[in-house]
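Encoded as structure tokens, the structure appears first; notes follow it.
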Amino acid sequence: MDATAGKELTAVEQMLCKAFPDVGPFGTSALEKALRKLEKFELACQGDDWADPECKATNTEALQYARARAVVKGLSWSLRESLQARGRTGTIERLMEEPFLGKSNATKIVEIFQTGTCQRTLARFERGEAPLDSEGNVRMWAHRHEHKATRPMTDGPAKVELSSVLCISAMTAIKLVHERNIRSIAQLRDRPEIVRELHGGHRLDHSLRFHEQLQEPVPAEDACEMLKTVRETVRALRVPRAAGWHAELVGGGRTRGRAGHDVDILLWHKEEMASFLSSQGPVFVLDILLGVLVEQGRVLPKGEAYFSRKCVASRHDDPRPYLRQIHMAQESSKGFENLQYDHHDKFFGIWRSARTGKLHRIDLVVCSHPEELPFARLAWTGTRTLNRLMRLRAIDLGLYLGAHCFVARGDREGTTETKVVVDAQAGRPPEVITLGKLEPLPFKYVQSEEDILRVLACGTNAFAKLVDPTNRNA
DNA sequence: TGGCAATACG
DNA sequence: CGTA
DNA sequence: GCCA
């Protein structure tokens, strides 16, 4: 029996029941692009979520646009046909039956679909003006806190352009516009003394210099070459069972079947961890791999370009931090926020094509423990919006979902126990696992992305469309 | 009607 | 504050 | 915008 039978689905459940193809059948790509632009304007003008430590507010507008775009991608009916058959009002009503769309966003979607823009938000953002709220008032300040507002909603195009530079965040772009009157990348390039003040060092200098190249889509030929080179290089390393290392595309390369401006590669091994112990201490496969790739001239070195490596030694404290009894027993007001989780070793850097000499962003992620592979795959395949939806769903079930495992939050009223339905297929008795506070769900129940999605669907196949990564472009 | 909006690391 |  |  369906675990959700007898009650209405939550908005998050409705979303996860959908498929999000890269290109849908109903001609909504211009609408999706407009909603993406609105999200980017909101992020660039307000700062990303939690960007201001003094004012911990969610960027609700950006979140709404991201969700609205996902809803449009997941629509199983045609806006065009609905507008013909039911008219504007009928279509708005139908949109309001979709998750996360109220009257305001439904109306906006119809306006953008019919006219290509939205007069009170998108058109104003594009002219560098502050948008209007649903009552027609100018939304001059982020977070609606007029008295301590430091972030005007004007100059959207300048802020979007500046924050697209690697190493320049939304908050830095906002300061450049309003404190230094810098309104484009070209203007920033003409002011080396201001660039120096940003303290980005050689990484920022390099990002600015090669910005256009780094924004270009990576040609399929180069993406293939990157994957092949990484795979062959890791398999030739002097590490335990080197031939057992795998390299696969995640990110846009997996959800869309083609790379965007970067290439995301996940490295994993059936038996080995991301690092091993030598007499000198832990050795990271990623470090050795990067050493070779830098030497071969494929990856730009730390002293030359953007280069961010994150490895952790605590992996070899046995057992893992999040499996330690001491952590499960630890109670704190902050819940599991104080937990030190292990993490996958990562590299964010610049690749130089052997074919064209052009530079491209590359992300390498090394799955830290073999059994965490499905969680690493799911998280690093994304998209960002889909990750947020899946993690919201996990919260609904009393679970934490990260890139490593499920952990019981144990923060519900009255009990610290969390019941997890790992299987509720028709014709079988449901299998329910009971977890204590901060106890991880044993990996034997989650051996694939499909298993994770089934747990999120309370043991059913309600979210099975998302098993295919090309349906994950939310 | 008010709390909540994903989660992580250097 | 930067990145995913 | 959703939900207890």
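Computed from a prediction, not measured in an experiment: that's the story for all the values here. Sequence lines set the chain letters: A, B, ... in the order given, protein chains first and strands last, and positions in each chain run from 1.
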Sugar-phosphate only, base, or nothing, as touched by A:Leu389 at under 4.0 Å among non-hydrogen atoms: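 Since no nucleic acid heavy atom lies under 4.0 Å of A:Leu389, the category is nothing.
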Sugar-phosphate, base or nothing in reach of A:Arg203, heavy atoms under 4.0 Å: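 No contact at all - A:Arg203 keeps every heavy atom at 4.0 Å or more from the nucleic acid.
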Nearest-angstrom distance, P atom, C:dA4 to B:dA5: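 Comparing P positions in C:dA4 and B:dA5 gives a spacing of 24 Å.
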P-based separation of B:dT7 from D:dG1 [nearest Å]: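 Per the computed distance, 22 Å lies between those P atoms.
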A:Arg309 side chain near B:dC9 phosphate (N/O to OP1/OP2, under 4.0 Å):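 Result: no.
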N/O (side chain, A:His343) to phosphate O (OP1/OP2, B:dG10) under 4.0 Å: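 The answer is yes; a side-chain N or O of A:His343 sits under 4.0 Å from OP1 or OP2.
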For [X] and [N], give me the distance from atom [atom1] to atom [atom2], rounded to whole Å.
{"X": "A:Leu166", "N": "B:dG10", "atom1": "CG", "atom2": "C1'", "result": "15 Å"}
{"X": "A:Lys346", "N": "B:dA8", "atom1": "NZ", "atom2": "P", "result": "11 Å"}
{"X": "A:Leu397", "N": "B:dA6", "atom1": "CG", "atom2": "C1'", "result": "15 Å"}
{"X": "A:Leu392", "N": "B:dA5", "atom1": "CG", "atom2": "C1'", "result": "6 Å"}
{"X": "A:Met390", "N": "B:dA6", "atom1": "CE", "atom2": "C1'", "result": "10 Å"}
{"X": "A:His404", "N": "C:dA4", "atom1": "NE2", "atom2": "C1'", "result": "12 Å"}
{"X": "A:Asp264", "N": "C:dA4", "atom1": "CG", "atom2": "P", "result": "9 Å"}
{"X": "A:His261", "N": "C:dT3", "atom1": "NE2", "atom2": "P", "result": "10 Å"}

Mind listing the side-chain donor-acceptor pairs of residues 170-179 of chain A below 3.5 Å, one per line with the distance, residues two or more places apart or on another chain?
| from | atom 1 | to | atom 2 | distance (Å) |
| --- | --- | --- | --- | --- |
| A:Thr172 | OG1 | A:Ser169 | OG | 3.3 |
| A:His178 | NE2 | A:Lys159 | NZ | 2.9 |

With sequence neighbours excluded, residues passing side chain to side chain donor-acceptor pair (under 3.5 Å) with A:Glu449: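 If we apply the side chain to side chain donor-acceptor pair (under 3.5 Å) test to A:Glu449, skipping adjacent residues, the hits are A:Arg254, A:Arg472.
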Pairing residues for A:His211 by the side chain to side chain donor-acceptor pair (under 3.5 Å) criterion, not counting sequence neighbours: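 Counting only residues at least two positions away or on another chain, A:His211 forms a side chain to side chain donor-acceptor pair (under 3.5 Å) with A:Ser164.
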Ring-face cation of A:Arg309 near A:Phe348 (centre distance under 6.0 Å, axis angle within 45°):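 Checked: cation-pi criterion not met.
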Atom pairs under 3.5 Å, N or O on each side, protein against nucleotides 2-4 of chain D: can you list them with distances?
| from | atom 1 | to | atom 2 | distance (Å) |
| --- | --- | --- | --- | --- |
| D:dC2 | OP1 | A:Phe100 | N | 3.0 |
| D:dC3 | OP1 | A:Ala11 | N | 2.8 |

Residues which pass ring-ring contact (aromatic ring centres under 6.0 Å, His included) with A:Phe406, listed by chain and number, not counting sequence neighbours: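 By the ring-ring contact (aromatic ring centres under 6.0 Å, His included) rule, A:Phe406 matches A:Phe375.
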Partners meeting ring-ring contact (aromatic ring centres under 6.0 Å, His included) with A:His246 (sequence neighbours left out):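 A:His246 satisfies ring-ring contact (aromatic ring centres under 6.0 Å, His included) with A:Trp268 only.
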Residue closer to the 5' end of DNA chain B, A:Arg391 versus A:Ser308 (nearest nucleotide):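 It is A:Arg391, whose closest nucleotide lies nearer the 5' terminus.
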Nearest listed nucleotide, side chain of A:Asn387, among B:dC9, B:dA6, C:dT3: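 Comparing B:dC9, B:dA6, C:dT3 against the side chain of A:Asn387, the answer is B:dA6.
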Side chain proximity check, A:Leu401 to A:Leu456, heavy atoms < 4.5 angstrom: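 Result yes, sub-4.5 Å side-chain heavy-atom pair found.
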